[in-house]
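Notes for the one structure printed next.
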Amino acid sequence: MAAAILDLMQQQLVAAGGEVSLSHGMLVVVVPRADLLGTVRRLKSEFGFDLFLDVTAVDWPDRTPRFDVVHHFYSTTHMIRIRLKIRIPESEPSVDSLVSLYGSANFMERECHDMYGIVFRGNPDLRPILLYEGFVGHPLRKDYPKLQEQPLVPYRT
Amino acid sequence: MAKATIPIRSANAPSNAFEYFSTKKDEFVGWARKFSLFPYPFVTACCAMEFMAVSSSPYDTDRFGAALPRFSPRQSDLLMVVGTLTHKQAPVLLRVYEQMCEPKWVMAFGACATSGGFYQNYAAVAGIDKIIPVDIYVPGCPPRPETVIDAIMMLQDRIAGSRHPIITENF
């Protein structure tokens with residue numbers, strides 16, 4: 001069953017313009033930035049990926065485009081996972097938000113925005129979730145200085 | 001040959017009782033305070049598990065009068081900072097410390113509270129003594145309950161041996 005779904009997805013998503021590979025038995029699809037919402041909508045309605053697991057990003061400082069935004073989905077009916085990657089440049093680090101499809105995307109996108117500065121268009125609330133107001137920069141980017149602290153309370157002498 | 005005599009105070013000489021009690025006062029207050037260390041557990045991380053072990057009956061910290069956690073800083077004497085302190089939490093810790101009444105003591109429980117432990121990044125404070133004064137440090141990741149008991153006893157010794165002015169500038 002799972003293999004059949006994988007084959008089907010492989011055929012259809014490649015036809016839709018994605019790059020597809022297998023990593024440890026999990027389907028990895030690189031989709032163009034503009035196709036994200038459409039692809040995810042199809043994954044949810046046609047292929048039964050009803051659980052949104054996580055969104056995070058990868059920083060490749062020497063590569064252009066610099067960032068990968070990585071989404072993971074799980075299908076509770078077919079019991080398979082899929083990973084979506086979107087390559088985005090440093091100059092305009094933004095992708096479409098998935099909040100309209102998966103409500104749980106809200107907090108995960110806020111975390112990714114905190115740590116990597118990825119802007120999720122359509123997320124209603126991109127306030128800091130793990131960081132605090134006034135924090136400058138994005139700590140999981142490779143160019144954030146490793147030892148730089150931004151204390152909220154002045155240190156004692 | 002002169003006989004040694006016991007000096008007899010005259011009946012209207014002033015009593016020495018006040019002098020006696022004022023010199024013994026610090027000792028007495030220290031004795032009282034060292035056996036009524038009500039801890040406030042400021043628990044942030046995995047050291048909490050070891051804190052629970054210390055608080056459990058096999059280790060019996062009630063021997064030291066330090067077994068009754070008060071979950072209001074205003075009623076507690078000993079602030080136990082158990083676990084990693086992040087920059088986001090630092091204002092909370094400072095506020096809790098400022099809410100405690102004098103006299104108060106602070107214990108840095110575990111490697112993270114002592115020095116930041118193995119965290120050296122944007123998120124963690126490298127030791128709570130950058131924020132508030134600390135009286136006693138407990139090493140270990142996490143500390144053994146015996147280490148904590150040793151720290152409590154050392155703190156008791158320090159309390160018993162220090163001065164206890166009734167009126168201070170923080171009164």
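Computed from heavy atoms alone, side chains included, the values below leave out hydrogens, waters and symmetry copies. In this text, all values refer to a predicted model and were calculated from it rather than measured experimentally.
In this structure, K88(B) is not positioned above the aromatic face of Y132(A) in the sense of NZ or CZ being under 6.0 Å from the six-membered ring centre and within 45° of the axis.
Using a 4.5 Å cut-off between heavy atoms, P145(A) does not touch chain B at all. Neither the backbone nor the side chain of A123(B) comes within less than 4.5 Å of any heavy atom of chain A. If you measure heavy-atom distances from L130(A) to chain B, the contacts under 4.5 Å come from the backbone alone. For a residue to count as touching a neighbouring chain, one of its non-hydrogen atoms must lie under 4.5 Å from one of that chain's; by this rule I132(B) touches chain A with the backbone only. Both the backbone and the side chain of I131(B) come within contact range of chain A, each with at least one heavy atom under 4.5 Å from a heavy atom of that chain.
Residue R74(B) places its CZ atom among 12 or fewer non-hydrogen atoms of other residues, nucleotides or ligands, all under 6.0 Å distant. For E146(B), the CD atom sits in a packed shell: over 12 heavy atoms of surrounding residues, nucleotides or ligands are nearer than 6.0 Å. Taking a 6.0 Å sphere around OH of Y155(A), one finds it holds more than 12 heavy atoms contributed by other residues, nucleotides or ligands. Environment of CZ in R63(B): crowded, with over 12 heavy atoms of neighbouring residues, nucleotides or ligands closer than 6.0 Å. Counting non-hydrogen atoms of other residues, nucleotides and ligands closer than 6.0 Å to CZ of F28(B) gives a total of 12 or fewer.
Between chain A and the residues L94(B), D129(B), T86(B), L93(B), the most heavy-atom pairs under 4.5 angstrom are made by D129(B).
Residues F118(B) and F109(B) do not share a hydrophobic cluster, clusters being chains of Ile/Leu/Val/Met/Phe/Trp/Tyr side chains in contact below 4.5 Å. Hydrophobic cluster membership is shared by V31(A) and I118(A), with clusters built from Ile, Leu, Val, Met, Phe, Trp and Tyr side chains linked at under 4.5 angstrom. Residues M115(A) and I88(A) are members of one and the same hydrophobic cluster, defined by side-chain heavy-atom contacts under 4.5 angstrom among Ile, Leu, Val, Met, Phe, Trp and Tyr.
Taking both residues in full, the closest heavy atoms of P91(B) and V153(A) are given as N-CG2, 3.5 Å, listed atom of the first, atom of the second, then distance.
Rounding to the nearest 0.5 Å gives a distance of 9.5 Å between CG of L140(A) and CG of N121(B).
You'll find the side chain of E149(A) reaches within 4.5 Å of the side chain of H87(B), heavy atoms only.
Taking the six-membered ring for Trp and thresholds of 30 and 60 degrees, Y144(A) and Y122(B) have ring planes more than 60 degrees apart, a perpendicular arrangement.
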